[in-house]
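What follows is a single structure, written as structure tokens, with notes after it.
Chain naming here is simple, since letters A, B, ... match the order of the sequence lines and numbering starts at 1 in each.
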Amino acid sequence: MRDSPAASDTAPPSAPYLAGLNETQAAAVHATDGPVLVLAGAGTGKTRVLTCRLAHILATGRARPWQVLAVTFTNKAAREMRDRVGALLGCSVEGWWVGTFHAAGARLLRSHAERVGLKPAFTILDMDDQLRLLKQLIEARGIDAKRLPPRLFSSVIQRWKDRGLTPDRVTAAEGADAVDNLALPLYEEYQARLRAVNACDFGDLLLHGLTLFREYPEIAEKYQRQFRYLLVDEYQDTNVAQYLWLRALAQGHHNLCCVGDDDQSIYSWRGAEIGNILRFERDFPGAQVIRLECNYRSTPHILAAASHLIAHNQGRLGKTLWTTRGSGEKVGVRAVWDGEDEARVVCEQIEALRGRGHPLREMAVLVRAGFQTREFEERLITVGLPYRIIGGARFYERQEIRDAIAYFRVVVQPDDDLAFERIVNTPKRGLGPATLRSVHTLARDAGISLLAATARLIGSDELKPQARGTLSRLLGDLARWRDRLSAAPHPDVAMQILEESGYTAMWQADRSPEAAGRLENLKELVAALTEFESMPGFLEHVSLVMDNDEAAGDDKVVLMTLHAAKGLEFDTVFLPGWEEGIFPNQRALNEGGTAALEEERRLAYVGLTRARARAFIFFADRRVVYGTWQQVMPSRFIRELPADDVVQSAPAGLFGFEMRRAMGARADEALSEAIPIAAPPPRFAPRHRPEPPLIEGRAERVAVRPAPAHPFAPGQRVFHQKFGYGSVRAVDGDRLDIDFEKAGSKTIIHSFVEAA
DNA sequence: TCCCTCCTTGTTTTT
DNA sequence: CAAGGAGGGA
């Protein structure tokens with residue numbers, strides 16, 4: 001449908017949802033028809049444009065809600081889009097096609113599953129299931145899984161899927177190249193196994209969609225007609241499969257609007273194809289390109305530093321970000337002695353800012369790799385600053401949650417072999433490898449599911465009486481739970497499953513420090529069930545949508561990787577570990593080419609542009625790498641910062657030398673502005689003077705906490721969330737010296753432990 | 001079946 | 001160095 005005058009007349013330019021857009025944003029909202037690429041620099045109101053555009057399309061009657069497909073990458077982004085569109089239009093977005101690529105792919109595929117050899121109730125496997133399945137196939141082929149681990153095959157297969165390649169479309173030459181010519185046959189077998197157990201992995205949700213569109217043009221046409229408008233967020237992160245999927249849907253009307261920023265493409269290692277955004281104008285002839293360049297987030301110094309840095313990249317479309325914000329602080333570049341010093345300095349700055357009234361939740365420490373958070377955590381615990389780590393094990397990836405869900409899966413779908421395997425001997429039921437092997441053998445030979453094979457074996461006398469009894473009881477339980485599910489509320493049944501299977505009891509009997517938390521998680525899982533209509537509905541949600549959305553409301557310092565920080569913003573950002581080998585990462589350096597290095601630089605750009613008011617970069621003189629001290633070089637990215645927008649500082653002993661190394665020829669000029677800070681090296685000099693914070697003005701010491709609510713005494717047994725159980729060795733005010741059973745001895749603020 | 005020891009391997013991570 | 005996996009021994 002083309003822009004009809006009647007349609008556009010119904011939306012006056014003063015429509016409330018258009019209020020406050022700047023000129024280019026408004027242009028991006030109004031350019032409804034034909035292909036449009038919105039190049040949205042960091043902090044330029046990208047989400048705003050997307051949501052307003054969607055609202056505009058609906059409000060002007062160009063399409064009905066179910067005729068617009070809006071896709072993003074993450075659940076977080078999808079949720080934000082749904083919330084904002086809902087708020088803008090004042091209605092529910094229930095049932096609309098606004099969500100992640102994978103959720104849309106799954107929804108579409110459920111309607112046509114038979115066409116690709118699946119049943120509509122197919123299971124969506126996660127990483128863990130995939131790896132276990134692959135491992136079985138690898139071992140069945142007699143491949144040494146130690147030399148060639150499942151992960152390796154998994155990543156090769158995933159990359160093929162990212163490129164939209166089904167096994168028959170991988171060229172023989174490429175197949176021969178991949179893992180000794182083993183990956184391609186394994187890929188074929190893997191796909192066959194997935195179909196046999198009526199399952200999909202994440203890549204399949206799109207890949208099967210492509211097959212569907214290719215083999216059944218009438219289905220493709222149906223969706224081309226249905227989706228009059230397509231909106232895509234984070235286009236720089238799409239892979240080839242997603243590009244092909246979008247292109248198939250946009251066929252005909254070409255009402256495709258992609259929003260993205262080539263400078264923030266940081267996911268090539270998982271198949272994202274930056275070429276998609278660079279090639280957009282060629283892929284979609286007649287495309288309009290709209291650049292959003294007015295940044296509403298960062299101060300000019302931060303913006304200048306980020307822009308100057310990213311200008312060192314070759315392969316980019318190029319934009320000129322500008323801001324109307326007044327000048328603020330320059331970007332701090334700070335040399336430190338080592339990782340411990342770095343954590344200490346960062347925490348001092350955090351305390352200083354807090355003393356000046358800045359909320360902790362507005363301060364983020366953004367690291368290149370997860371392991372870097374450890375030293376910060378330890379320091380934050382020591383000084384008693386509350387913090388939150390984003391990332392790490394997600395809720396549904398935890399062992400106990402996966403086990404519980406496996407029970408639910410088998411109950412709902414008896415043929416779910418991977419789930420059956422997971423629970424058949426969890427908790428331990430005394431089933432040995434021999435018993436399980438005969439189940440597997442029969443299943444394979446008869447071409448039936450593990451559960452069906454088990455049932456058959458129980459009827460025979462092949463099994464030892466004990467195993468037979470155990471399996472018979474398990475199958476009886478499963479059947480009973482299944483019956484109950486149709487009669488009783490599913491949260492109640494879930495609770496019964498966990499109780500009657502002995503799963504809850506297993507953790508109650510467990511004396512390890514994590515057991516209590518696991519039981520808590522199980523309770524949380526059952527509580528979460530109440531929000532869903534049915535058990536199958538819940539399972540779909542779990543596999544596609546469930547993430548650990550921690551309460552962001554608490555006032556805590558935020559620790560996370562640069563990748564996890566994309567799309568977020570903070571008043572203050574700390575960027576530690578800017579050293580060659582850490583950032584840029586060693587692997588990027590090993591590759592030798594520019595592609596990997598440019599991606600690291602984009603990551604640096606993402607990091608800097610997260611900051612609204614303050615950004616601090618750190619680099620150490622030496623660091624412990626794999627257990628040994630190593631002298632490290634400042635990151636080349638430091639040298640690429642504009643001297644005018646940066647303030648440097650270093651402890652006295654490091655001052656001249658390090659700065660010259662970091663800043664190259666411009667160091668002397670820059671040094672005239674720098675603030676020398678006296679601090680002895682913590683490890684090599686015995687004296688230790690407290691150091692003033694880098695931020696101007698002295699740190700106001702935060703008031704000492706009130707007297708401990710629980711008086712702790714030496715010898716007392718205590719429990720800590722992270723370190724587990726331990727005993728108090730000494731008490732010093734609000735600080736406790738604790739010997740932990742697992743984690744060794746640490747100094748901990750009393751409020752972080754409880755009496756055990 | 002469980003525990004201990006030896007060995008390997010150390011980015012980023014969403015769905 | 002430290003964590004996690006595999007394999008062997010009790």
Side-chain angles (χ1 to χ4, degrees), chain A residues 71-78 99-107 109 124-131 135 139 144-147 149-152 154-155 158 161-162 200-207 233-234 237-239 241-242 265-272 339 366-375 390-394 396-397 399 425 427-434 540-548 560-567 577 581-591 596 599-600 602-604 606-607 623-630 742-744:
Chain A
V71 282
T72 64
F73 266 85
T74 63
N75 288 308
K76 191 169 67 177
T100 62
F101 271 102
H102 292 86
R107 186 170 167 189
L109 197 57
I124 300 164
L125 300 188
D126 63 19
M127 262 311 266
D128 196 72
D129 288 327
Q130 285 173 50
L131 290 174
K135 194 175 168 203
E139 282 169 355
D144 181 5
K146 245 171 37 184
R147 275 177 48 85
R151 285 207 156 278
L152 186 66
S154 164
S155 73
Q158 280 192 71
K161 290 189 175 181
D162 288 341
C200 253
D201 65 18
F202 283 113
D204 287 337
L205 295 175
L206 292 155
L207 194 62
D233 193 10
E234 305 280 17
D237 287 331
T238 51
N239 59 37
Q242 285 153 343
S265 166
I266 54 175
Y267 284 111
S268 73
W269 47 273
R270 65 175 200 218
L366 308 183
V367 296
R368 175 63 183 88
F371 70 84
Q372 290 173 266
T373 56
R374 230 192 60 196
E375 274 175 310
I390 310 284
R394 276 183 297 277
Y396 70 91
E397 278 171 2
Q399 188 191 338
N425 203 24
K428 296 270 182 301
R429 299 191 169 91
L431 297 169
E540 173 91 349
H541 178 87
V542 152
S543 47
L544 279 176
V545 184
M546 199 155 156
D547 52 7
N548 61 336
M560 65 180 129
T561 64
L562 288 160
H563 282 91
K566 194 168 77 155
I582 289 188
F583 191 32
N585 197 284
Q586 192 56 49
R587 293 209 186 182
L589 296 175
N590 291 151
E591 276 184 37
E599 182 148 320
E600 295 284 305
R602 290 194 289 270
L603 207 42
V606 167
R623 214 173 262 280
V624 181
V625 183
Y626 299 142
T628 48
W629 283 95
Q630 273 190 272
K742 299 240 154 117

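Stacking between Y267(A) and dT13(B) is absent: the aromatic ring centre is not both under 5.5 angstrom from the base six-membered ring centre and within 30 degrees in plane angle.
Counting atom types as modelled, R270(A) pairs no side-chain N or O with a base atom of dT13(B) as donor and acceptor under 3.5 Å.
Closest to the side chain of H102(A), out of dT12(B), dT11(B), dT15(B), is dT15(B). Among the nucleotides dT1(B), dA2(C), dT12(B), the one closest to any side-chain atom of A369(A) is dT12(B).
Under the 30°/60° scheme for interplanar angles, the aromatic rings of Y267(A) and H563(A) are found to be tilted.
At the heavy-atom level, G105(A) lies nowhere under 4.0 Å from the strands shown. As judged by a 4.0 angstrom heavy-atom cut-off over every strand, F73(A) is placed among residues touching the sugar-phosphate backbone only. Across all strands shown, Q372(A) has no heavy atoms under 4.0 Å from either base or sugar-phosphate atoms.
In this structure, the side chains of T373(A) and V367(A) come closer than 4.5 Å at one or more pairs of heavy atoms.
The distance from atom NZ of K76(A) to atom P of dT13(B) is 11 Å, rounded to the nearest whole Å. K135(A) places its NZ atom 12 Å from the C1' atom of dG4(C), with the value rounded to the nearest Å.
More than 12 heavy atoms of other residues, nucleotides or ligands sit less than 6.0 Å from atom CZ of R107(A).
When the salt bridge (Lys or Arg N to Asp or Glu O under 4.0 Å) test is applied to K566(A), the partners found at least two apart in sequence or on another chain are E234(A), D237(A).
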